[in-house]
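One structure below.
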Number of protein chains: 2
Amino acid sequence: MTDIGKKKATIYDLSMLSGASPSTVSAVLNGSWRKRRIKEATAQLIQKLANEHGYTANLQARGLRSSRSGLVGLLLPVHDNRYFSSMAQSFEAQVRSRGQCPLVVSACRDPEEERKVVATLISYSIDELFIAGATDPDGVHKVCEKAGLKHVNIDLPGTLAPSIISDNHEGARMLTQAIIERAQEDGPLSPDDLYLFGGRNDHASHERIRGFRDVKRALLGADPDVCIQPTGYSPAMTARAFEAFYEGHGKLPRAFFVNSSINLEGLMRFLALHPHETFADIIVGCYDYDPFGSFLPFPVFMIRQDSETMITKGFAILDADRRPPITHLVRPTLVPPRTALTGPLDALKDIE
Amino acid sequence: MTDIGKKKATIYDLSMLSGASPSTVSAVLNGSWRKRRIKEATAQLIQKLANEHGYTANLQARGLRSSRSGLVGLLLPVHDNRYFSSMAQSFEAQVRSRGQCPLVVSACRDPEEERKVVATLISYSIDELFIAGATDPDGVHKVCEKAGLKHVNIDLPGTLAPSIISDNHEGARMLTQAIIERAQEDGPLSPDDLYLFGGRNDHASHERIRGFRDVKRALLGADPDVCIQPTGYSPAMTARAFEAFYEGHGKLPRAFFVNSSINLEGLMRFLALHPHETFADIIVGCYDYDPFGSFLPFPVFMIRQDSETMITKGFAILDADRRPPITHLVRPTLVPPRTALTGPLDALKDIE
DNA sequence: AGTCATTGCACCATCGATTGTGCAAAAAAG
DNA sequence: CTTTTTTGCACAATCGATGGTGCAATGACT
C-alpha cells in the first residue's frame with residue numbers, strides 16, 4: 001500500500017530502511033533468523049517494514065541461489081477431460097498445502113511434445129514432476145534423470161521410474177461384471193452382445209482388456225476377439241468404430257465397455273448422428289467417471305479412478321529416500337448409473 | 001547424452017570447453033550473436049557443444065537478470081469443469097505458440113485466495129496474467145498493478161482492467177428463446193413454467209438474468225420474480241433449490257435455464273435422488289457447453305462460450321500499447337440438444 | 001606508412017536472494 | 001579486571017545469464 005506502482009521492494013531496500021544488512025533482512029524474511037541469532041526486536045522491525053512495503057521474495061532469485069524453485073510439475077495429456085482436470089485439482093490442492101506452486105501442463109499424448117515440455121519445466125528448475133498418462137514415460141524419465149529431477153508416473157506406468165496407477169485389471173473386472181449383470185436383467189446375454197471400444201497399445205488398455213476378457217469368459221463362457229475394438233484414444237476414431245459396427249449390424253452392441261471418457265465422447269458423436277431408437281436399450285460401462293456421463297439416457301456404469309490417492313502416494317514416494325521403479329496400484333471404485341459424486345467443485349467458495 | 005546425470009551444463013561450462021568467454025556463449029545461445037558480431041564459426045562451435053552437452057538455459061537466471069520470466073498465468077476458479085478446462089487448453093496452446101510457458105492455477109472463487117495466488121505468481125515474475133472468472137477482479141487488479149503486471153479479465157469483468165467476456169445478455173436471450181420455443185412444441189407455456197436457477201451477484205449472472213427476463217416477458221407476457229432462483233455457484237446449493245421446488249410443487253418446472261454447467265451438476269445431484277418420471281418432460285437450457293450434458297435424457301440446449309477467441313483477444317489487448325479498462329464482448333453460440341462438438345481433445349495425438 | 005573503420009570478442013557489473021565465515025560488543029566466568 | 005563465551009550481526013562469494021563498454025587485431029584507404 002505504501003509504494004504506489006513502484007518496483008517491487010527487495011531485501012536491499014529493506015536493508016536501507018531498517019539499517020540492517022541485506023543478509024540479516026534475508027534471514028528474517030525466510031525464517032532462518034533464529035538459527036542465525038538475530039535479535040527478536042530486529043526481526044520484528046524488519047517484518048513490520050516488509051509488511052508495510054508489501055515485500056515478497058523474488059522467487060527467481062531464491063531459486064537461482066538455492067537451485068530449488070518451489071515449483072512442482074504435473075504433465076497431463078489434456079486438460080479438457082474430467083478425469084485429468086480433477087487430477088489437476090487435487091494436485092493443486094496438495095502442492096499448495098506443501099507450500100509449493102503447482103505447474104500443470106499438457107502435451108497432447110505426443111511423445112516428442114512430452115519431452116519438450118518437460119525440458120522447459122526443467123529449465124525453470126522445478127523440484128518434482130508428476131507424469132500423468134504419458135505416452136512414453138520412459139522417454140520422459142530419461143530427460144528427468146539427466147537433470148536429476150525427481151519424478152513419478154501416474155496413471156500410465158513406466159519401467160524406469162516409480163509408477164502409481166489405477167488397478168486397471170480389477171477396475172475392468174468390476175465394470176465388466178456390472179455391465180453383464182445389468183444386461184442380463186433384460187434377458188440372456190450372448191458373448192457377441194458385449195464389446196469393448198477404445199484404448200490402444202498401452203499398459204492401462206492391456207490390463208483393462210485383460211480384465212474385461214477374464215470376466216466375460218467366466219460369466220458368458222466365450223470371448224471372441226472381434227469384440228475387442230482398440231480404437232485409440234481420440235473421440236473421432238472411436239465414433240468411427242461405432243459407426244462401422246452400426247453399419248454392419250444395424251444397431252449397437254447390447255452392452256459395451258468404453259475404455260475412457262475420452263472414448264465415450266466418441267459415442268456422443270455417434271449418437272448425435274442417429275435417432276434415439278438406435279441406442280434405446282444399450283448398457284454402457286466407461287472406465288472413467290464423468291458426472292454428466294453418468295446420467296445419459298441409458299445405463300452407464302462408470303469407474304472412478306482415485307486420483308487424489310494417486311497424488312498423495314506420489315508425494316510419499318517422492319519424499320522417500322529410495323525410489324525403486326515399482327508400480328503401485330490404487331483401487332478405483334465402481335459408480336452405478338445416475339450417480340452424482342461430490343468432488344473438487346465442492347471446494348468452491350459459495351454461500352453454502 | 002554425453003554427461004550422465006551430472007549437473008546441468010551452464011554457459012560457463014561451455015565457455016571452458018569452447019575457449020570463448022561466457023558472454024560470447026550467452027550471446028550465441030540466446031540468438032543475439034549476430035548483433036554482437038560473433039564470428040559464424042565461433043557460433044557454430046558453441047552450438048555444437050551446447051547440443052552435445054544437452055545445454056538448456058537456466059530460465060531462473062535469465063529471468064532474474066532480464067526481469068522477465070517467459071511465464072504467462074491463467075487464474076481459474078476451478079480446473080474441474082469443461083468450460084474452464086477447455087479454456088486452459090486453448091490458453092496453453094496459444095501461450096506455447098508464443099514461445100512462453102503457461103501457468104494455470106485455480107483459486108476456488110475465494111477472493112482472498114485469488115489475491116494470494118496472484119501474489120505467488122508475481123513472485124515468479126510472470127510476464128502477463130489472465131484472470132478468468134474471478135470473484136473480485138478489481139482486488140486482483142490492485143495486486144497486479146502494484147507489481148506492474150499486465151493483466152486482463154476474462155469471463156467476469158472488472159472496472160479497472162480491460163475485460164473480455166461472453167456476451168451474456170445475448171447468449172441468455174438465445175438460450176431462453178430456444179427453451180421457450182421447444183417447450184411450446186409440447187403445448188402452451190405459462191410464465192410459471194419457466195425458471196432460472198443458479199448464479200449470484202456478479203456481472204455475468206445479472207446479464208444472463210436480464211436476457212432471460214427480457215425474452216421471457218416478450219414471449220410469455222410475464223416474468224414473475226419467483227421464477228428467478230440465484231442459488232450461487234455450488235452444485236450443492238443448486239441441488240437444494242431444485243429439491244425445494246420439488247417439495248413445493250411435486251415436480252420440476254417444465255422448462256428452466258441453468259446458469260452454468262457447475263449449477264447443472266446440482267441438477268444431477270437432484271436427479272440422482274428421484275425417479276425418472278420426475279423429469280420425464282423437462283426442457284433445460286444451460287449457459288455452458290458440456291459434451292455429455294448435451295445428451296441427457298431430456299432436451300438440453302447449451303451455450304458454448306468462445307474461450308478460444310477470448311484468449312486471442314486477451315493477447316491482442318496485452319500486446320497493445322494502451323490498455324483502457326474497456327469490456328469487450330465475445331458472442332457465444334447456441335448448441336442444440338444432442339450435439340457433440342469437436343474441441344481441444346481433437347488435438348490429441350492419435351491414429352487418426 | 002599512417003589513419004580510420006570494422007570485426008570479434010573479453011571484461012565486468014548486475015539481477016535478488018542465500019549462506020559460510022568472521023569479528024566486534026556484550027555478558028558471563030574466573 | 002582479565003579471559004572466555006555468547007550474542008548479534010556484517011561481509012562477501014555465489015547461483016547463471018545478460019548487455020553495456022572497451023580494446024586488440026585486421027583490413028581499407030590515402
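Below, chains carry the letters A, B, ... as their sequence lines are ordered, and counting in each starts from 1.
Residues B:Ala61 and A:Asn30 both approach DNA chain C. Their nearest nucleotides, taken by heavy-atom distance, put B:Ala61 toward the 5′ side. For the pair B:Ser66 and B:Ser21, both in contact range of DNA chain C, the more 5′-proximal nearest nucleotide belongs to B:Ser21.
Per the geometry, CD1 belonging to B:Ile46 stands 12 Å off C1' belonging to C:dG8, to the nearest Å. Look at CZ on A:Arg68: it is 11 Å from P on C:dT19, rounded to the nearest Å. Rounded to whole Å, atom P of C:dG8 lies 11 Å from atom CZ of B:Arg34. In this entry the distance linking CD1 of B:Ile122 with P of C:dG16 reads 15 Å, nearest Å. Whole-Å rounding puts the A:Leu64 CG to D:dA17 P distance at 9 Å. At whole-Å resolution of the value, NZ in A:Lys35 and P in C:dG20 are 7 Å apart. Rounded to whole angstrom, the span from the CE atom of A:Met16 across to the P atom of D:dA10 amounts to 11 Å. Taking atom CG on B:Leu45 and atom P on C:dC9, their separation rounds to 10 Å, with Å as the unit.
Each of D:dA10, D:dG16, D:dT18 was ranked by its minimum atom distance to the side chain of A:Ser23; first place goes to D:dA10. Which of D:dG16, D:dC9, C:dT19 sits closest to the side chain of A:Ile38 comes down to D:dC9. Checking D:dC9, C:dG8, C:dA17 against every side-chain atom of A:Lys39, the shortest atom distance belongs to D:dC9. Nearest to the side chain of B:Arg37, among C:dA13, C:dT19, C:dG8, sits C:dG8. Closest contact between the side chain of B:Thr24 and the listed nucleotides C:dA10, D:dC9, D:dA17 involves C:dA10. The side chain of B:Tyr55 approaches D:dA17 more closely than any other nucleotide in the set C:dT18, D:dA17, C:dG16. Checking C:dA17, C:dT14, C:dA10 against the side-chain heavy atoms of A:Ala57 singles out C:dA17 as nearest. Of the candidates C:dA10, C:dA13, C:dG8, the closest approach to any side-chain atom of B:Arg36 belongs to C:dA10. Closest approach to the B:Tyr12 side chain among D:dA17, C:dG16, D:dA10 is made by D:dA17 (side chain taken as heavy atoms from C-beta onward).
Residue B:Thr42 is in sugar-phosphate contact alone, with no base atom involved, counting any heavy-atom pair closer than 4.0 Å across all strands shown. Residue B:Ala27 is classed as having no contact, given no heavy-atom separation below 4.0 Å to the nucleic acid.
Environment of NZ in B:Lys150: crowded, with over 12 heavy atoms of neighbouring residues, nucleotides or ligands closer than 6.0 Å.
In terms of polar N and O atoms assigned as donor or acceptor, the side chain of A:Arg65 comes within less than 3.5 Å of the base of D:dT14 in a complementary pairing.
Using a 3.5 Å distance cut-off with no hydrogens or angles, the side chains of B:Tyr124 and A:Asn58 do not pair a donor with an acceptor. A side-chain N or O of A:Glu92 and one of B:His79 form a donor-acceptor pair less than 3.5 Å apart. For the residue pair B:Asp202/B:Tyr233, the side-chain donor-acceptor check at 3.5 Å is satisfied.
OP1 or OP2 of D:dT18 sits under 4.0 Å from a side-chain N or O of B:Arg62. In this structure, A:Asn58 does not reach the C:dC15 phosphate: none of its side-chain N or O atoms is under 4.0 Å from OP1 or OP2.
Side chain of A:Ser67 to main chain of A:Gly63: no donor-acceptor pair is present (N/O by atom type, distance under 3.5 Å, no hydrogens or angles). Without hydrogens or angle criteria, B:Ser69 side chain to B:Ser125 main chain gives a donor-acceptor distance under 3.5 Å.
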